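All remarks here apply to the structure that follows.
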Amino acid sequence: MRVDRLLSSKRFYLTDGGLETYMVFDEGFELPCFSAAALLETERGRSALTAYFERFIAIAQKSGRGYVMDAPTWRAGTAWAGPLGMSVEDVLAINRKAAVFVDCIRRKHETPELPIILNGLVGPSGDAYAPENSPDPDEAFHIHAPQVQALGKAGVDMVSAMTLPDAREAIGIIRAANEIDLPVVISFTLETDGCLPSGQPLAEAIDMVDRATSGGAAYFMINCAHPDHFRSTLDENGGWRQRIGGLRTNASRLSHAELDEAEELDAGDPIELGDLHNGLLQRLPNIRLIGGCCGTDHRHVACLAGLDEVEVAGQALTCGRRRDPGSIAPK
């Protein structure tokens, strides 16, 4: 299985950056409820998605790494049907359409040297930064199971729940994926103090979820936070650090509240973000996947992969000012 290859790889795979922020700020799209699934409904949107993913696939190929390609379904769960003005059936159809869409891109680019994993994205049922509205595990199971099942039946290799603000919702999502034997990854968003928006410390959240699901997640991730926000958290001892298998960080040091109010995109410094990951990799020996989150794009991911530039469709995409290519720890 492709996921087994990911889990056993000696080199971390790459994924993309901040899809939604890129499409809004760089491509000028309006995304209802910040849902990138809307891009599947127009030729312009599908073309933009294809070009976007192909940039990152080229970076993975250039760096000799595998690639995890996300179906744009983060805000396409059944809880978002009403806010999106859609029926539950329509939302589930979008999930199936998204899986077919990314599979077509994979068929075009995958080679034995460039394995590509299709990942169905699942998002929180409410605001990622408002944990007081998070469902309990049983409620979360019933909310997320339809989307997880739709993605599984459509052929994704795994699902990842991103920007979760509360451990309870993660438990329900894992149960939904485990029920159909679909590998599942849990990614928590962190505040500037390194804790979940619920206030729960990261180590406690991971341990809580693992106990409740008998270790049902393939691994855990951190996303939508700058390395400075959680770096000191990683100094805490415990086996929980072994369970962190992925990072999708922000290049901006702004808080979530500040980012929500920002009228301009804060892309931070791609070079600095790459250099900061060197220290993170030393503390997290089981990292399997690295990418970006809000405000990041191909430049950031190229730096995370240790590249200076990569060529896509005859165009050189520059990571940034030249640096020591050994500054990213090999994996």
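Computed from a prediction, not measured in an experiment: that's the story for all the values here.
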For this session: List the steps, then state whether salt bridge (charged side-chain N to carboxylate O under 4.0 Å, His left out) holds for Arg241 with Glu236.
Result: CA-CA 9 Å; Arg241 288 194 304 178; Glu236 299 176 19; over 6 Å; no
For this session: Before giving the answer on salt bridge (charged side-chain N to carboxylate O under 4.0 Å, His left out), spell out for Asp157 and Arg5 the whole-Å C-alpha distance, their side-chain angles and the decisive distance to 0.1 Å.
Result: CA-CA 12 Å; Asp157 301 303; Arg5 186 173 175 181; over 6 Å; no
Problem set entry | Stepwise side-chain contact (heavy atoms from CB on, under 4.5 Å) test for Phe34 and Thr21 | CA-CA 9 Å; Phe34 218 45; Thr21 52; 3.9 Å; yes
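Using a 3.5 Å distance cut-off with no hydrogens or angles, the side chains of Ser125 and Trp80 do not pair a donor with an acceptor. In this model, no donor atom of one side chain and acceptor atom of the other lie less than 3.5 Å apart for Asp166 and Ser134. Residues His144 and Glu169 bring a donor and an acceptor atom of their side chains to less than 3.5 Å of each other. Side-chain atoms of Asp90 and Ser87 form a donor-acceptor pair, as typed in the model, at a separation below 3.5 Å.
Side chain of Thr296 to backbone of Gly18: a donor-acceptor contact under 3.5 angstrom is found. Under the 3.5 Å distance criterion, the side-chain polar atoms of Asn223 are left unmatched by any main-chain donor or acceptor of Thr249.
Qualifying ring pair (Phe, Tyr, Trp, His ring centres under 6.0 Å) partners for Tyr67, counting only residues two or more places apart in sequence or in other chains: none. Residues satisfying the side chain to side chain contact (heavy atoms under 4.5 Å, CB included) test with Glu27, not counting sequence neighbours, are Tyr22, Met23, Phe29, Arg55.
Salt-bridge formation is not detected for the pair Asp138/Arg168: no Lys NZ or Arg NE/NH1/NH2 atom is positioned less than 4.0 Å from an Asp or Glu carboxylate oxygen. By the 4.0 Å N-to-carboxylate-O rule, Arg253 lies close enough to Asp228 to be salt-bridged with it. Salt-bridge check for Lys108 with Glu54: passed, with a basic side-chain N closer than 4.0 Å to an acidic carboxylate O. We find that Arg243 and Asp207 are not joined by a salt bridge, their nearest charged nitrogen and carboxylate oxygen being 4.0 Å or further apart.
Put simply, the side chain of Pro124 reaches to within 4.5 Å of the side chain of Pro165, judged on heavy atoms. Looking at heavy atoms from C-beta onward, Phe141 lies out of side-chain contact with Ile171 at the 4.5 angstrom threshold. Between Glu204 and Trp240 there is no side-chain heavy-atom pair separated by less than 4.5 Å. The side-chain heavy atoms of Ile143 and Ile173, taken from C-beta on, include no pair separated by under 4.5 Å. Met221 is not listed as a side-chain neighbour of Ile186, based on a closest heavy-atom distance of 4.5 Å or more. Using a 4.5 Å heavy-atom threshold, the side chains of Asp70 and Thr15 count as touching. Counting only heavy atoms from C-beta outward, the side chains of Glu191 and Leu196 never approach each other to under 4.5 Å.
For the pair Arg65 and Phe12, the cation-pi criterion (under 6.0 Å, within 45° of the ring axis) is fulfilled.
Annotation for Ser35 and Arg75: closest pair OG-O, 2.9 Å, computed over non-hydrogen atoms. Annotation for Lys97 and Leu40: closest pair NZ-O, 3.3 Å, computed over non-hydrogen atoms. The two atoms that bring Thr233 and Gly194 nearest to each other are OG1-CA, 3.7 Å, heavy atoms only.
Under the 4.5 Å side-chain heavy-atom criterion for ILVMFWY residues, a single connected hydrophobic cluster contains both Leu281 and Leu190.
Other residues, nucleotides and ligands contribute only 12 or fewer heavy atoms inside 6.0 Å of the CD atom of Glu30.
Phe220 pairs in a side chain to side chain contact (heavy atoms under 4.5 Å, CB included) with only one of the listed residues (Asn286, Leu164, Asp210, Leu202), which is Asp210.
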